[in-house]
Amino acid sequence: MREVMNRRQLTQLGVPEYALVEAVKAVSSAATTHGMRGADLKRQVKQVVESPEQFVEDVCFGALAATLLEDQTLPPLQENVTYQTWGSDIDEGAHTQMREACKLPNASGAALMPDAHVGYGLPIGGVLATEGVVVPYAVGVDIACRMKLSVLDLPLDALESKFDVCCRALEKGTRFGVGSTHQKPQQHDVMDENWNITKVTRQSKDKAWQQLGTSGSGNHFVEFGVLTIREEDKTDEKFSLPPGEYVALLSHSGSRGPGAAVCSTYSNIARTKLPKKYEQLKYLAWLSLDSEEGQEYWEAMNLMGRYAAANHEVIHRLVSDLVGGEIVAGVENHHNFAWKETHDGREMIVHRKGATPAGEGVLGVIPGSMGTPGFVVRGKGNASSLDSASHGAGRCMSRKKANDTFRIQNTRQELKSQGVHILSAGSDEVPGVYKDIHEVMAAQSDLVDIVGQFDPKIVKMCGDGSRAED
DNA sequence: ATGTCC
C-alpha cells in the first residue's frame, strides 16, 4: 500500500526520528478512518507534534502522542562533549563511532587513543566517561581483557639453553581456541567467591572453572621474551629492576566465555530498555547504576575483572612452574573495563575499551605484536586523555584482508631469522597487520613514560581457524 | 572476543 505521507515529509513537519514509525501508522489510520488528506493531515500532524498531551485519547494519533510525550521528558542527545585524538591514520569509522558516543545523554568526557579502530558500539581505543550510567558495549565483549607480565629469575640464556622446556611450558601451561578449557580444572580463590550475584554468573560458574588458565583466540597470546631496562628508562619504585635484561613471561587474555555471557546478557537488557528517542545509540545502550540491572552488571563486571586476573595468575603459575622459574617482579592491567573515578571534581564512570589506565604513576603493559616489542609503561595522568593510553599498536588491516594477504607459515620463517619462534598463531595476527608500535608510542609520549621494553622470543597464540585444540 | 547458536 502506498504511504499516505512518507518519512521525509513527516520529518519536515517536525516528527522526530524516534517517532517516525508511530507517525506513519497514525497518518495512515487518519486517512483510512477519517479520509483525512493533504493540508488537513499536515496541519493535524503539526498540532500533535506541538501539543501531544491533547491527543492522548485520539483514536488515530494517540499512540504517536504517547510516544512523543514519553520521550519529551527525557534529556536530549548532547552536542557539547568532544574528544581529543592521539596519533594519526585512524579510520573515519572510529571517529564516527566516537562522535556518536559523545551524544549519550550522560556522557561527560571522551578520548581516542592512537591504536583506535572500529569496534562494536564504541571503537577499540575509545575512552568514554559517563555520569551515573554504565555502557556494556563501552567495556566490550571480553570484559577485563588484560595484560600480565612476570619477570622470572631465570638466566637470560635459558630461552636458548632450555628452549624445548620453554616451548613445552607454553604448550602445556595454557589452552587456546574458542571454547577451550583445561583438561584438569585449576584452582583459584576466585572460584570461592559468590557467583550467585546474577543469574548469568551463576550459570557461567562451571564454565569459568573449566576455562580458568586458558587463553582463547584472536589477539590473545602467552609468550616468553626478554625485558630490557635501559639506563635512560624511567625507573619506578613499584617496578624497581636495575638496568639490564631479564627473562619475562607476557600474557594477553580476558574473561573468556563467562565475560562474553555477561556482556551479551546486559547489553541486551540495556538495549531493550532504551527509549525510542535514543534508537541511534542502540549499540551504546546504557544501564543506570541506580537500577537493579545496572547494579547487577556492575557487580558481574567486577567479578569478571577478578576472574580475568585469576586467569592470568593461573597461566603464569603453570607456565613458570613448568619452566622451573620463580616470579620476582610483575606488572598487570585491565584494558577493557569501567572504573569509578573522579575527574574535574565529579565522580564519573570511565569506560576504557582497548585503552590502558594511565593515571599518574600507574604502571601498565602495552604490547606490540608477535614480532615487535611491547612496553612496560608508567602513566603521566594526562587529564585530557582521562588518564588513558593505547592498549597496543592497533590493527591497520582487517582480519579478513590479513587472512587473504598473509600466511603464518611464511611469517614464521621470516621471524625465525630475527630470533622469534612462533609455536602457533593465526595468519591475521602477523606483525604486518599492526601499526608501527614505535610510532604509536611516540604519539602518546604525553600519556605514558617507558619503563622497559619487552621483545618476544617464543610466542604461543591460537592457530588459524580459532578452534579449540585437542 | 565468544559460543549460553539463527
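Naming convention: chains lettered A, B, ... in sequence-line order (proteins, then strands); numbering from 1 in each chain.
If you take OH of A:Tyr307 and P of B:dT2, they are 11 Å apart, rounded to a whole angstrom. Taking atom CZ of A:Phe176 as the reference point, atom C1' of B:dA1 lies 14 Å away to the nearest angstrom. Distance, A:Leu122 CG to B:dA1 P: 15 Å, rounded to whole Å. Atoms CD1 (A:Ile124) and P (B:dT2) sit 13 Å apart, rounded to a whole Å. Rounded to whole Å, the distance from CG on A:Asn311 to C1' on B:dT2 is 14 Å. Atom CZ in A:Arg395 sits roughly 8 Å away from atom P in B:dA1 (whole-Å rounding). Distance, A:Asn219 CG to B:dT2 C1': 13 Å, rounded to whole Å.
Residue pairs meeting the salt bridge (Lys or Arg N to Asp or Glu O under 4.0 Å) criterion with at least one member in residues 286-308 of chain A, sequence neighbours excluded, are A:Glu193-A:Arg306, A:Lys273-A:Glu293. Listed by first then second residue, pairs satisfying ring pair (Phe, Tyr, Trp, His ring centres under 6.0 Å) with a partner in residues 349-384 of chain A number zero, not counting sequence neighbours. For residues 387-406 of chain A, every residue pair satisfying the ring pair (Phe, Tyr, Trp, His ring centres under 6.0 Å) rule, not counting sequence neighbours, is listed here: A:His335-A:His391.
Among residues two or more places apart in sequence or in another chain, the ring-ring contact (aromatic ring centres under 6.0 Å, His included) test is passed with A:Tyr307 by A:Trp195. Take A:His421 and apply the ring-ring contact (aromatic ring centres under 6.0 Å, His included) test, not counting sequence neighbours, and it matches A:Phe163.
With 3.5 Å as the limit, one finds no donor-acceptor pair spanning the side chains of A:Ser385 and A:Ser388.
Among the protein residues, A:Arg467 comes within range of no part of the nucleic acid, since none of its heavy atoms lies under 4.0 Å from any strand.
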Report, one pair per line, the protein and nucleotides 3-6 of chain B atoms (nitrogen or oxygen only) whose separation is under 3.5 Å.
| unit_1 | atom_1 | unit_2 | atom_2 | d |
| --- | --- | --- | --- | --- |
| B:dG3 | OP1 | A:Gln211 | OE1 | 3.3 |
| B:dG3 | OP1 | A:Gln211 | NE2 | 2.7 |
| B:dG3 | OP1 | A:Gly257 | N | 3.4 |
| B:dG3 | OP2 | A:Gly179 | N | 2.3 |
| B:dT4 | OP1 | A:Lys207 | NZ | 3.3 |

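Separation of the P atoms belonging to B:dA1 and B:dC5 is 22 Å when rounded to the nearest angstrom.
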